[in-house]
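Proteins come first, then strands; the chains are lettered A, B, ... in the order of their sequence lines, and each starts at number 1.
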Amino acid sequence: MANLLAAQGGRPLRDGLADLATWLGVTLVAGSALWVVADVIWHGVGAVNWGFVTTAPQDAGRAGGISTILVATFLVLLVCMTAALPLGLGAAMYLSEYGRGPMGRWVRRSLDVLAGVPSIVFGLFGAVFFVQVLGLGFSILAGGLTLACMVLPILIRTTEMAFSGLPQEYRAGAAALGFGPSGILLRVLLPAAAPGLVAGLILGVGRALAETAVLIFTSGYVDRMPDSLLDSGRVLSLHIFDLSMNVPGGDHNAYGAAVVLLLILLVINGIGGWLSRRWIGRGIVAS
Amino acid sequence: MIRLDTTGPTPAEPPLEGATAVPHSHSPDSDATVPYVALDRVGLSYDGTEVFRGVSLPLYRGAVTALVGPSGSGKSSLLTCINRLYELHPGARMSGTITVGGEDIHGAGADPVRLRRRVGMIFQKPNPFPMSIRRNLSLPLSEHRLPRAEWSARIEEALTAAALWDEVKDRLDHPAQALSGGQQQRLCIARALILEPEVLLLDEPCSALDPLATEAIEQLVMGLKCCYTMLMVTHNLAQARRVADQVGVLWGQGQPGELVEFGPTAQLFDDPQHPVTVAFMQRERA
């Protein structure tokens, strides 16, 4: 009995320390994220106005805006997602529904290795394969496709998790109603997994938007308005890198571009969350 | 047209005792003394491990057959043989033959998709899809390419047959998963009925429900029994006695399950013949 009481007496202190450690961890993580965002906004918000987003950069980006950069960024993102989405969705469905054997294990291991490959290595691969071997040159197409290779692992694994997280009862229920394998996948599992798919898509887009190293070697540095997908184009993150590292006096506009990049990420996250809530609210998907 | 005995629950006479079952609209020339579903020496194994073996069982139209027995004796697995759902498990192998309406379910030209349209299944845990009530019911219709013009009428009919229409008619576009457990299970029954099956397999349909919801499902099953061939797995002997016309005892503690006794409900409960059944009844009553 004495031991029991002693143990109970010691518990509040241990619980208190655990609480403190938890709060400290949360505060540190949230605090550093807030610090970065606050710093970017503090230094950059003054540079952002309608003219900044609608005019082309001048004097190596020290003056003017980022209109051409934004166009190149959206085009690279469009190419990347057009290539990565169907491939990613198909691979994730295969892994979740049929990937229990050695082939599935092998594909998963390869994806985990790919997810850990530094982006500069993807950049070098893209520079050799897409730029030289396929002859696409330094272009938005080459950049977008290389970026697709890079976001595929993260897109596939999050999408696969969304599928395999669904209760087995949905599959059995649909099969018992005479649904064929494609009916089960496309009519029952795909809508049910939609919020997870949106999460995977947002992670993929976020990763693609933030990427610099891959695009240095593939889509190039040119900051003029791209004429086509085979034209070179400079993306937002690369513009920020260039202004802050290579252009003396470019910090102000670099911060401005960073604010725009943050805003784009926030808007994409917001749209994803809104879509998920809307689907859940309408009972299209599970909460 | 979904068939339903609208006069409410009526105790059906066991067909084994010669009572006439309500003729089935799918085969008007049917004979109630011939089993609509017949299992002949059926066995199942998963990855080489036998679950049950040698089960021969006649299921009659217009009657509920209950399958009772201890956990692990293979009752639920036996249900999955009748609609070939066991095939979802890559290592599963079935032996013996099953005929539904005189057709061998593995015979030439047999197709699991067509079979599962004829043999509906209700699971232990209600499993509505995470969609609206209406979508849960229209999805099977769309999968089987039934004319869109019929959907609304079929949805209303199925929900009425499952005694759910009055409760949900004003919120068909609300999420199905917001319904109570009992309502969800009735929705699943409606979802099975909407395809107008001939056979209904019920795998412990009340095990996840409270007593009131259980009573509603039991009444529903008894109301539906006029028009369907029904096989229900249950752990609840009192429920088997209330609902079923004939009962089979599947026994297999540590061994592959075997059907040790089968007969009309009253006979099996009042005068069990097999020592295992006697012991099982006594233990369950205690």
Side-chain angles (χ1 to χ4, degrees), chain A residues 93-105 107 159 161-200 273-287, chain B residues 76 79-80 82-91 111-145 171-179 184 187-188 191-195 197 200-201 203 208:
Chain A
M93 283 183 181
Y94 168 79
L95 283 176
S96 130
E97 301 307 306
Y98 307 103
R100 284 179 204 94
M103 176 73 174
R105 276 197 298 278
V107 173
T159 310
M161 271 189 265
F163 274 108
S164 46
L166 295 174
Q168 200 57 33
E169 288 99 46
Y170 295 164
R171 292 172 179 84
L177 286 163
F179 283 60
S182 62
I184 297 176
L185 255 178
L186 301 176
R187 288 167 179 267
V188 178
L189 300 184
L190 190 62
L197 304 189
V198 170
W274 176 78
L275 270 179
S276 292
R277 277 194 303 278
R278 194 175 146 84
W279 287 335
I280 291 165
R282 284 171 52 195
I284 294 172
V285 295
S287 52
Chain B
S76 299
L79 290 193
T80 64
I82 300 173
N83 62 356
R84 290 177 58 178
L85 207 62
Y86 75 89
E87 290 173 2
L88 294 185
H89 191 296
D111 165 34
V113 168
R114 203 166 59 87
L115 174 72
R116 289 170 194 158
R117 206 176 143 180
R118 297 172 66 199
V119 181
M121 186 167 186
I122 316 300
F123 293 82
Q124 195 170 352
K125 202 174 139 205
N127 61 348
F129 301 135
M131 303 161 184
S132 68
I133 296 168
R134 190 195 305 276
R135 188 92 181 112
N136 261 278
L137 296 163
S138 64
L139 214 52
L141 299 176
S142 146
E143 173 72 10
H144 292 285
R145 295 165 198 260
R171 47 180 175 140
L172 289 177
D173 293 312
H174 287 215
Q177 294 186 326
L179 296 172
Q184 285 188 22
L187 175 64
C188 293
R191 198 175 61 185
L193 295 181
I194 205 161
L195 291 174
L200 277 183
L201 308 172
D203 186 5

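In plain terms, the two heavy atoms of B/N127 and A/E169 that are nearest each other are ND2-O, 3.2 Å. For A/A176 against B/N83, the heavy-atom pair with the smallest separation is CB-ND2, 4.3 Å. Minimum heavy-atom separation, A/V188 to B/F129: CG1-CD2, 3.6 Å. Taking both residues in full, the closest heavy atoms of B/A192 and A/L177 are given as CA-CD2, 4.1 Å, listed atom of the first, atom of the second, then distance. Of all heavy-atom pairs between A/P191 and B/M131, the closest is CG-CE, 4.1 Å. Of all non-hydrogen atoms in B/L88 and A/A172, the two that sit nearest each other are CD1-CA, 4.3 Å.
For B/L139, the parts lying under 4.5 angstrom from a heavy atom of chain A are both the backbone and the side chain. Proximity to chain A (any heavy atom under 4.5 Å) is restricted, for B/P128, to the backbone atoms N, CA, C and O. Contact annotation for B/R191: both backbone and side-chain heavy atoms come within less than 4.5 Å of a heavy atom of chain A. Looking at B/P140, both its backbone and its side chain come within 4.5 Å of chain A, counting heavy atoms on both sides. If you measure heavy-atom distances from B/S142 to chain A, the contacts under 4.5 Å come from both the backbone and the side chain.
A donor-acceptor pair is defined here as one N or O able to donate and one able to accept, closer than 3.5 Å; such a pair exists between the side chain of B/E143 and the backbone of A/G180.
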